[in-house]
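The next block holds one structure in the form of C-alpha cells; read it before the comments.
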Amino acid sequence: MQDRLIYRRLLPYARPHGKVAAMAFFGMLLEASVAAAFTSLMQPLLDDALGARNSTVIAWLPVVIIALFVVRGVGVYLGDYGMALISRRVIADLRAQVFDRYLALPSRYFAERPSGDALTRLSMQVEQIGQASTEGVKIAVLDTLIILALLGVMFWHSPLLAGSVLLAGPAIALVVRFVSKRYRAISRRIQASLADVTQMGQDAILGEREIKIYGGQQEERERFAKVNEHNRRQHLKVTATNAMSSATVQVLAASALALVVFLATRPGELERLTPGGFTAFMTAMLAILPSLKRLTQAQALIQRGMAAAESVFEVLDEAPETDLGTLRPERVRGAVSFDNVTLRYSGRDEPALDGVSLEVAPGETLALVGRSGSGKSSLVALLARLHEPESGCVRIDGEPVQDYALAALRAQIAFVSQQVVLFNDTVAHNIAYGALRSAPRERTVAAATAAHAMEFIEALPDGLDTAIGERGSALSGGQRQRLALARALLKDAPILILDEATSALDNRSERLVQQALGEAMRGRTTLVIAHRLSTVERADRIVVMDRGRIVEIGTHAELLARGGHYSALAQTELSADA
Ligand SMILES: Nc1ncnc2c1ncn2[C@@H]1O[C@H](COP(=O)(O)OP(=O)(O)O)[C@@H](O)[C@H]1O
Ligand SMILES: [Mg+2]
C-alpha cells in the first residue's frame with residue numbers, strides 16, 4: 001500500500017478530534033518556542049548581565065527563566081496529553097473495528113491462516129499504530145517545530161551562518177528517506193515473526209498435555225528458538241539502522257557546525273557578532289542535534305506504525321460474509337434439500353462434497369454415517385452457510401439458503417458441532433448463549449436437565465453460576481458435550497443438527513440423553529451424524545456417505561438387507577461402539 005493511501009485512511013480516525021489536535025499543537029508550539037527563547041537568552045546573559053553588568057537584566061533573568069519553564073510545562077502537558085487522548089481513541093476505534101470484522105468474516109478466513117496472525121493484528125499491531133501516532137507524530141511535529149524555532153534564532157543572530165548550515169539539509173533528508181524504507185521492510189518482518197511467536201505460544205499452551213505425554217518439549221523448544229532468534233535479529237537490525245542513521249545525521253550536522261566555526265572566524269563576520277550573539281547561535285545549533293537525532297529515530301516508530309496500519313487495513317478490507325438475503329421467516333417448516341452440491345476447500349484438489357443431492361422432509365430424522373473424512377460435517381455446515389458450495393444449491397423450505405438473511409437463517413438451526421466450544425463465562429451463560437441470553441432461568445434449567453447436565457452442574461461450587469474457565473477446561477469431554485446439547489435444546493429451533501454430539505458420553509449417559517433427544521427430535525427436522533448403532537437405527541432414514549458422495553439411502557432394515565456399505569459399517573465400526 002502506498003504511504004499516501006495509508007495516511008489518507010488513518011486521517012479520518014483522527015479528524016473528529018480536531019480541537020484536541022489543535023490544543024496539542026499549541027502545546028508543542030509553546031514547548032518549541034521556549035526552547036528557542038531559552039537559547040536566545042544566552043545573548044543578554046553573556047552580553048548584558050555578565051559583560052555590561054546591566055542591573056535590570058540581572059534582576060529579571062532569573063524570573064524570565066522560571067517563567068519560561070512554567071510555560072514549557074503547560075506546553076508539555078497539552079502536547080503529551082492531547083496526543084495521547086487522540087491516539088488512545090484511534091486505537092480503541094480501530095480495535096473495535098478489527099474485532100467487529102473478525103465477528104463478520106467467513107469461516108474460510110480463519111481456516112486459511114494461523115490464529116496467531118489474527119490475534120497479533122488485534123493486539124500488537126493496533127497498539128503500534130497508536131504508538132506511531134502518539135510518540136512518532138509528537139516527535140515529528142515537536143522536533144520539527146523546535147528545529148524551525150532554533151533555525152529562527154540562528155537566522156536572527158546571523159543570516160549568513162544560518163544559511164550555510166542549511167546546506168546540510170538535503171543530505172540529511174536523503175539519509176532519513178533511505179532509512180525509513182528500510183524500517184518499513186524490517187517492521188513487516190518483525191510483525192510476521194511476532195505472529196509466529198504468538199502462534200507457537202498458543203500451540204504450547206493449548207497443547208501442553210500432548211507435549212508432556214509425547215515428550216515434545218525439545219522439539220517445541222527448538223521450533224520456538226528459531227522463531228525467537230529471527231525476531232531478535234530483526235529487532236537488532238532496527239537498532240543498528242537507528243544508531244547508524246542518527247550517527248550519520250549527526251556527522252552531517254557536525255560538518256555544518258564546522259563550516260560555521262570556520263566562517264564565523266573569518267575577519268568580516270567576527271566583527272559583526274558579539275560573543276553573546278555567537279554563543280546564542282552556537283547553543284541553538286547544538287540544541288538542534290538532539291532534535292535531529294530524535295527525528296531520525298522517530299522514523300522507526302512511524303514506519304512500524306505504517307507497516308502495522310497496512311496489515312490492519314488488510315483485515316478491514318476483507319469481505320465479510322455475504323448477507324444479501326431478505327427472507328426472515330418466523331419459523332421455517334424445516335424442509336431441507338441439497339441439489340447437486342459440490343464443495344471444495346481452498347487449497348484442496350479433491351472436493352469435500354461431490355454432487356450431493358438429498359431431500360429431507362420437515363420433521364424427518366436423518367442419520368448420516370460414513371468413514372471419517374467422507375464429508376458429513378461439511379454437508380451439514382452448508383445448511384448454516386458456514387461454507388459456500390462451489391456449485392449446486394442448498395434449500396430450506398424450497399428457498400435457497402442465501403436468500404435468507406443470515407441471522408434469520410441461523411436462528412432456524414440448533415447445532416451441536418463436533419468440537420464443543422464453551423466460552424469463558426458461567427455455566428448458565430454458556431447454555432443461554434447469544435440470542436438465548438434472555439431466556440428465563442427455568443428454561444435454562446429444563447434444557448440442562450433434559451441434556452442430563454444438571455446432575456453435574458449441581459455438584460459445581462456455584463451451580464449454574466459457576467464460571468467454567470477458558471474453554472471449559474475444568475469439565476470432562478462428556479460434561480462439555482452435555483452443555484452443548486443443553487444449549488441446542490434451549491434454542492428450540494425447527495432444524496436440529498447433531499454432529500457426533502454424544503460421542504464423548506458413556507453408554508448410560510447416552511441412553512439417558514437419547515430419550516431427551518428423541519423428544520426434542522419430534523416435530524423438527526434433525527440431521528444426526530453418529531457412530532453408534534443405537535442412535536442411527538432409530539432414524540427415519542440413513543444416508544451413507546463415502547468420499548464426498550452419497551452411496552446409500554434407506555432405513556436401517558432396508559440397508560442391512562441390501563448388504564452394501566451400511567451393513568459392512570454396521571457390522572464393524574458402528575457396532576464396535578455399541
Ligand atoms: N476447513 C477445511 N479446510 C480444508 N479441508 C477441509 C476442511 N474441513 C474439512 N476438510 C476436508 O474435507 C473432507 C471432509 O471432511 P468432513 O466433512 O469433516 O468429514 P467427516 O465429518 O465426514 O469426517 C476431509 O477430507 C477433510 O480433510
Ligand atoms: Mg465430521
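Predicted model, so just to flag it, every value in this text is computed and none were measured. Whatever order the structure lists ligands and atoms in, that order sets their numbers, starting from 1.
- The pair R344-E350 does not meet the salt-bridge criterion, since no charged nitrogen lies less than 4.0 angstrom from a carboxylate oxygen.
- Here's the thing with S378: one of its N/O atoms is less than 3.5 angstrom from an N/O atom of ligand 1.
- Residues E321 and R385 are not paired through a salt bridge, judged by the lack of any N-O separation under 4.0 Å between the basic side chain and the carboxylate.
- With hydrogens left out, the protein atom closest to atom 26 (C) of ligand 1 is R348 NH1, 3.9 Å, a heavy atom.
- Between H387 and Y345, the angle of the ring planes goes over 60°, which puts this pair in the perpendicular group of the 30/60° scheme.
- Contact between G370 and ligand 1 is absent, with no heavy atom of the residue lying under 4.0 Å from the ligand.
- When non-hydrogen atoms are compared, ligand 1 lies under 4.0 Å from neither the backbone nor the side chain of M545.
- Every atom of ligand 1 with a heavy atom of A352 under 4.0 Å away is listed here by number and element: 12 (O), 13 (C).
- Remark: minimum distance from atom 23 (O) of ligand 1 to any protein heavy atom is reached at G373 N, 2.6 Å.
- Salt bridge annotation for R88-D93: absent, with no cationic side-chain nitrogen under 4.0 angstrom from a carboxylate oxygen.
- A salt bridge links R184 with D3: the distance from a Lys NZ or Arg NE/NH1/NH2 to an Asp or Glu carboxylate oxygen falls below 4.0 Å.
- Considering both main-chain and side-chain atoms, H387 never comes within under 3.5 Å of ligand 1 through any nitrogen or oxygen pair.
- Electrostatic pairing of D339 and R395 counts as a salt bridge here, judged by a charged N lying under 4.0 Å from a carboxylate O.
- Closest to atom 6 (C) of ligand 1 among all protein heavy atoms lies Y345 CD1, 3.1 Å.
- The distance criterion of under 3.5 Å between nitrogen or oxygen atoms is met by K376 with respect to ligand 1.
- Polar contact with ligand 1: absent for Q418 (N/O pair, distance under 3.5 Å).
- Residue side and main chain included, S372 places no N/O/S atom under 2.8 Å of the Mg ion (ligand 2).
- The shortest distance between side-chain heavy atoms of R410 and L386 falls below 4.5 Å.
- Taken to the nearest 0.5 Å, the CZ atom of F338 stands 6.0 Å off from the CG atom of L382.
- For atom 21 (O) of ligand 1, the closest non-hydrogen atom of the protein is S377 OG, 2.7 Å.
- At least one N/O/S atom of Q418, from backbone or side chain, sits under 2.8 Å from the Mg ion (ligand 2).
- Below 3.5 Å of separation, one finds no N or O of A111 facing any N or O of ligand 1.
- We find the CD-CZ distance between E455 and R482 to be 5.5 Å, quoted to the nearest 0.5 Å.
- In the model, S187 has no side-chain atom that pairs as donor or acceptor with a side-chain atom of Q303 under 3.5 Å.
- For ligand 1, the atoms closer than 4.0 angstrom to any heavy atom of S372 are 23 (O).
- Closest protein heavy atom to atom 19 (O) of ligand 1: G375 N, 3.2 Å.
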